[in-house]
Chemist: 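I have a structure here, written as structure tokens, and I will follow up with some questions on it.
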Amino acid sequence: MNMNDMRSVERIVNSHAAKIAAQNVQVHYGASQAIRDVSIDILDRTVTAFIGPSGCGKSTFLRCLNRMNDTIPTCRIEGLIRLDGEDIYDRRVDPVTLRAKVGMVFQKPNPFPKSIYDNVAYGPRIHGLVQGKAELDEVVEQSLRKAALWNEVKDRLSAPGTGLSGGQQQRLCIARAVATGPEVLLMDEPCSALDPIATAQVEELIDELRANFSVVIVTHSMQQAARVSQKTAFFHLGNLVEYGDTAQIFTTPQDSRTESYITGRIG
Amino acid sequence: MPVHILCLILLAIGLAGYFLGRRRALQVAGGNAKLLHSLPAYHGWHVALMATVPALLLLALWLIVQPIYLENRVTGHLPPEMAATPADVSLAMSDIRRLAAGLETAVDAGVLTEEEVRDPAADPAALAATLKPLGVALGTTPTPQVLAAAREYRTTAARLSVARAAAVLAVALIGLIAALRMARVDLWARNRVERAVLGLLILASSVAILTTIGIVWSMLSESLRFFQHYPMADFFFGLTWSPNFKGGSELGFLPLLWGTMYITVIALAVAVPLGLYAAIYLAEYADPRLRAWIKPMIEVIAGIPTVVYGLFALITVGPFLRDYFAQPLGLGNSGSSVLNAGIVIGILNVPFISSLADDIINAVPQSLRDGSLGLGATRSETIRKVVLPAALPGIMGAVLMAASRAIGETMIVVMGAGAAAKLSLNPLEAMTTMTVKIVGQLTGDTDFAAPETLVAFALGMTLFAITLALNVLAVWIVRKYREQYE
């Protein structure tokens, strides 16, 4: 790929306000501990990349941020995670409402077996975000535009979403998440099932989404982290080893483990 | 030589062929199995198959042809008045066969000697008297012609049996030797054996298809005979079912179709919601430990014989419906009712639907559920809007299969809804179904030329067509929507 891996150097972090603040988070699956004492501030309107070798806990931690781990019976979470200052594990917080605010895009594109339109309209419909068909049409169009998919599908909105190509499916899933009007978008290796061209499209899209959302992306590709993110967190064996500006992590890592990982010696 | 002994000898030849073939293969390879194209065991199988398969085919052919040949030969001895029509010939042949078998038994038991049997001057009446204590009952005293024919039958059969054994064994040995001579390092024994296995697989699948064709054919031919006796329009559009073996029957099938459909609809109205809700609970909400208990328990219901359900309908559900619904509401006072049979058949189908639907719901990828939950949908919304639509084709298939089962159910209908054909809307009245009438028309002393009996085949054919159409519909629905989430 002819992309300049280091172009993030020139990028500025738009905001310094913490959107999500995690303090001393521990996660256990049954008897084994997946996350040890992680504290991190995720900034608003910023792309934050979580990198690290397989099994380091980065996806687990990501799923803590919208309580998707609640669906796993053996999973136990300790510590404090606040979204805009509010504890998301508080008894009064409904995980369902939280997930509407903190959207998620998964590793494998998972469009519903419905039409493209119904896929995007799913969130607005269940949350009652719109009134009337015209308004829903507008939301669907805007979401598909934000996901850079509108021009490709505008003539076949009633075709099944599962009939799209892999890259289009993943952008459809992003449009679906965007349509719900989230404040944070979590992406769990969103490009791992895509070819390089589709990956480039999705990466470009992530950079545009930064204008409206706080984006957290888990990735195995260090080039991708360098290309799309402003902040990078390196996880290793359930620990958050290092967190800082992407340019700094990739050029002058403070920890020897980070350096070993980004130079390819561990992983 | 009897056929079973011949088969045992063939088996032994095959076994010997296997070991000989294996040894021979190693021999031609100079003891180094790596030089062979195929493993020695494949060479063994190759020899065994070459020795037995052609011989078995010849034996099968012989067994089909021999009776035809024998019959032609023996009927030549019959006087023309005994062989006037095909029915006479078949009657005479069964006498001849019985007598020939009787003579064989007598010789085996030592009651008669070979000479006594062959003696052309023997008195048929005396022979019949000798055979009687041996359990060989002859309808009438055989005529001399029949006796002569039986003698001819016996000697020819004995000669043919020897010829058969000789021919089959010769073919087996030729096959064995030819296969052993074929053994070379580069013989593709593995491929040849696998082709033989492929043939076996094709044979097995064609048996199932041919059986179905045979069933349809026999039903169809009997149905056509029925329609020669009874007008087709009266059968398909008649509103009265009153068979009478003395003649003047009215054989309208609509009351039976109505009863069948009424019971099926009630059964599905019971089974589909119960089964589907149970499946949703089991697949989506139940704790895995609880599920491990509940699922087998629900499936136990499916293992109970339907006659036991019939008893349940007869002594529990039926009287309950009569005492608490039919009589207070003035809708009749019969313990047998459509509702009774429908409810019990519905209960019978609950585990069927719940078990199938549970598997289908479990097959919906977890990623779809995650996607929906990740957008802030509740579990219930996820099930209603994502999981069930994705599982719908499979669930429809399960429902239609349950409908086929309900249509074909007989025992519960007899015990729960009675056997009176009736066209009525009242669900608390006794009615009956096509399957019950099929059994009813064919049991007891029946005359297979009367339309009252033959109507069973027409009913069976119609039932077959209805269930086939339902199954085709199920397959079509499943195929149309199948690729949705794959």
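All values below were derived from every heavy atom in this structure, side-chain atoms included, with hydrogens, water molecules and symmetry-related copies excluded. Naming: A, B, ... by sequence-line order, numbering from 1 per chain.
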Chemist: Applying the side chain to side chain contact (heavy atoms under 4.5 Å, CB included) criterion to B:Leu373, which one of A:Asp70, A:Asn66, A:Thr71 satisfies it?
Modeler: A:Thr71

Chemist: Has A:Tyr29 got more than 12 heavy atoms of other residues, nucleotides or ligands less than 6.0 Å from its OH?
Modeler: yes

Chemist: Would you find more than 12 non-hydrogen atoms of other residues, nucleotides or ligands less than 6.0 Å from A:Tyr89 atom OH?
Modeler: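 Counting other residues, nucleotides and ligands, OH of A:Tyr89 exceeds 12 neighbours.
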
Chemist: Counting only non-hydrogen atoms closer than 4.5 Å, does A:Arg67 touch chain B with its backbone (N, CA, C, O), its side chain (CB onward), both, or neither?
Modeler: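 Neither the backbone nor the side chain of A:Arg67 comes within 4.5 Å of chain B.
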
Chemist: Could you check B:Leu375 against A:Arg99 for side chain to side chain contact (heavy atoms under 4.5 Å, CB included), going step by step and ending with a plain yes or no?
Modeler: CA-CA 6 Å; B:Leu375 290 169; A:Arg99 288 183 202 134; over 6 Å; no

Chemist: Side chain of A:Lys114, backbone of B:Pro389: donor and acceptor closer than 3.5 Å?
Modeler: no

Chemist: If I take atom CD1 from residue A:Ile126 and atom OG1 from residue B:Thr382, how far apart are they, to the nearest 0.5 angstrom?
Modeler: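 If we round to the nearest 0.5 Å, A:Ile126:CD1 and B:Thr382:OG1 are 7.0 Å apart.
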
Chemist: Shortest non-hydrogen contact from A:Arg63 to B:Asp370?
Modeler: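 Looking at all heavy atoms of both residues, the shortest contact is NH1-OD2, 4.3 Å.
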
Chemist: Picking from A:Lys108, A:His127, A:Met104, which has the most non-hydrogen pairs under 4.5 angstrom with chain B?
Modeler: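 Option with the top pair count is A:His127.
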
Chemist: Could you tell me which non-hydrogen atom of A:Asn110 sits nearest to which non-hydrogen atom of B:Leu368, and how far apart they are?
Modeler: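 What the structure gives for the nearest pair is O-CD2, 3.8 Å.
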
Chemist: Name the region of A:Val102, side chain, backbone, both or neither, that has any atom closer than 4.5 Å to a heavy atom of chain B.
Modeler: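 The backbone, not the side chain.
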
Chemist: What heavy-atom pair brings A:Tyr122 and B:Glu381 nearest, and what distance separates the two atoms?
Modeler: OH-O, 3.8 Å

Chemist: List the steps and the verdict of side chain to side chain contact (heavy atoms under 4.5 Å, CB included) for B:Val387 and A:Phe112.
Modeler: CA-CA 9 Å; B:Val387 177; A:Phe112 301 136; over 6 Å; no

Chemist: With a 4.5 angstrom heavy-atom cut-off, is it the side chain or the backbone of A:Pro111 that approaches chain B, or both, or neither?
Modeler: backbone

Chemist: Can you establish whether the number of heavy atoms outside B:Gln366 located under 6.0 Å from its atom CD is more than 12?
Modeler: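 Yes, CD of B:Gln366 has more than 12 neighbouring heavy atoms, counting only those of other groups under 6.0 Å.
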
Chemist: Run the side chain to side chain contact (heavy atoms under 4.5 Å, CB included) test on B:Ser367 and A:Phe106 for me, step by step, so that the C-alpha distance in whole Å, both residues' side-chain angles and the decisive distance to 0.1 Å come before the verdict.
Modeler: CA-CA 8 Å; B:Ser367 68; A:Phe106 296 83; over 6 Å; no

